[in-house]
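Protein chains get the first letters and strands the later ones, always in sequence-line order, with residue 1 at the start of each.
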Protein chains: 2
Amino acid sequence: MTDSTRVRRGAGKRERLASAAARVLHEQGVEKTTLADIARAAGVPVGNVYYYFKTKDELVEAAIESHADGLKTLIAALERLPAPQDRLKALVRGWADQREVAARYGCPTGTLASELDKRADGLDRAIAKVMGALLDWVDQQFRQMGRTDSRELAVALVAAYQGISLLTNTFRDPALMATEGRRLEGWIDSLA
Amino acid sequence: MTDSTRVRRGAGKRERLASAAARVLHEQGVEKTTLADIARAAGVPVGNVYYYFKTKDELVEAAIESHADGLKTLIAALERLPAPQDRLKALVRGWADQREVAARYGCPTGTLASELDKRADGLDRAIAKVMGALLDWVDQQFRQMGRTDSRELAVALVAAYQGISLLTNTFRDPALMATEGRRLEGWIDSLA
DNA sequence: GTCTATATAGCGATAGAC
DNA sequence: GTCTATCGCTATATAGAC
């Protein structure tokens, strides 16, 4: 076995643990998820987790980074569209496409933000940064549409999504998000 | 000591525990709150809690009922206003008045709903019922305003509030909710 | 690098004295 | 009705064999 193979193996396990953490923490919540849950989902023995992550908090941090990466990828894809209102409507449509997940577990970022705000550690600032990045990007789109109240509109749009995610989850009804998504697309058109 | 005195004492402690539970569960979250936290907040010895509530879940249930009572009282006060759009705007203004609490701990009902949805027990249905009662009332107001899309609008309004509560909490910024409150009042006027 | 066994601590819940 | 002492379980984290 070469040295590089061992290194790649280690990296692979670390990534498996990080992505398993992101998924399981979303589905079960931070407090109800044990290290054993994450280890099982990643196919790694419990005690071995500590070779890659010193504490549970570090696993939560890795999950947040995973969400930050996902947002970055999403934004990069949306940037290919020429008109800002089309980019925003595509964002809304993307959210609506995830309505089944939202009905079962809520918005990955929103539920995490809600839970981490109840904790003393600094992880709530990390998830706020992710939410802030989304807000900034939406703000830019409204600004490019010529709106001077772009920040207020950005807050309203992201809040509408977070709120409908919570209601969709509370009532376990994906149709709520589908309807609200259509309403928001019409609202974006009305602002152009 | 008369019998009635003992009964009143018992009832008093039960109520103290229930209202302490509602407050502490909101501030710290369900999972991070211990029975010792609630007992301390109510001024009751830990072990004695079990005389009034058999399990922690029963305390959570009592907190939900406390929120349901609060909603009932709020709606009764709003019903005194003659015009439905004024009732809805007063509702929004009431939310905005609580923005400091929202910045620190989020919406009491919303954060509870988000957390309880991650649990296997039936308490998530109880909090959904409270949220449903609010939704039904808002729906009625829009209907009285002559809107045939009253349900969709009700979902949009409550979602806007839940979402802005989450953002206000995430960024610890009460101004977000103040601004969004004004925007929502203007939106309600535009629908009349 | 990998995994097992276990130390340590905290919490929900109970038993039982008063 | 009230309160103390404690049981039993579970979860994070570590020690150390391999």
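In this structure, CG of B:Asp57 is placed 11 Å from P of C:dG12, rounded to the nearest angstrom. As a whole-Å value, the separation of A:Phe53 CZ from C:dG1 C1' is 16 Å. Atom pair B:Glu58:CD and C:dT14:C1' shows a separation of 15 Å (rounding to whole Å applied). The distance between atom NZ of B:Lys54 and atom P of C:dA13, rounded to the nearest whole Å, is 12 Å. Remark: P of D:dT12 and OH of A:Tyr52 are 19 Å apart, rounded to the nearest angstrom. Atom CZ in B:Arg14 sits about 13 Å away from atom P in D:dT2, given to the nearest Å.
The side chain of B:Lys56 lies closest to C:dG12, out of D:dG1, D:dA13, C:dG12.
No salt bridge links B:Lys118 with B:Asp124; every basic N to acidic carboxylate O contact stays at or beyond 4.0 Å. The pair A:Arg125-A:Asp117 meets the salt-bridge criterion, since a charged nitrogen lies less than 4.0 angstrom from a carboxylate oxygen. Here A:Asp136 does not pair with A:Arg143 in a salt bridge; the nearest charged N to carboxylate O distance is not below 4.0 Å. Between B:Glu180 and B:Arg183 a salt bridge is recorded (basic side-chain N to carboxylate O distance below 4.0 Å).
Distances shown here put a side-chain N or O of B:Tyr50 below 4.0 Å from the OP1 or OP2 atom of C:dA13. Of the side-chain N and O atoms in B:Tyr51, none sit less than 4.0 angstrom from OP1 or OP2 of D:dT2.
For the contact set between residues 27-48 of chain B and DNA chain C, defined by any heavy atom under 4.0 Å, the members are B:Thr33, B:Thr34, B:Leu35.
Scored by the ring-ring contact (aromatic ring centres under 6.0 Å, His included) test, A:Phe53 finds no partners at all (sequence neighbours excluded).
Evaluation of the salt bridge (Lys or Arg N to Asp or Glu O under 4.0 Å) test over residues 54-73 of chain B, restricted to residues two or more places apart or in two chains, returns B:Asp57-B:Arg119.
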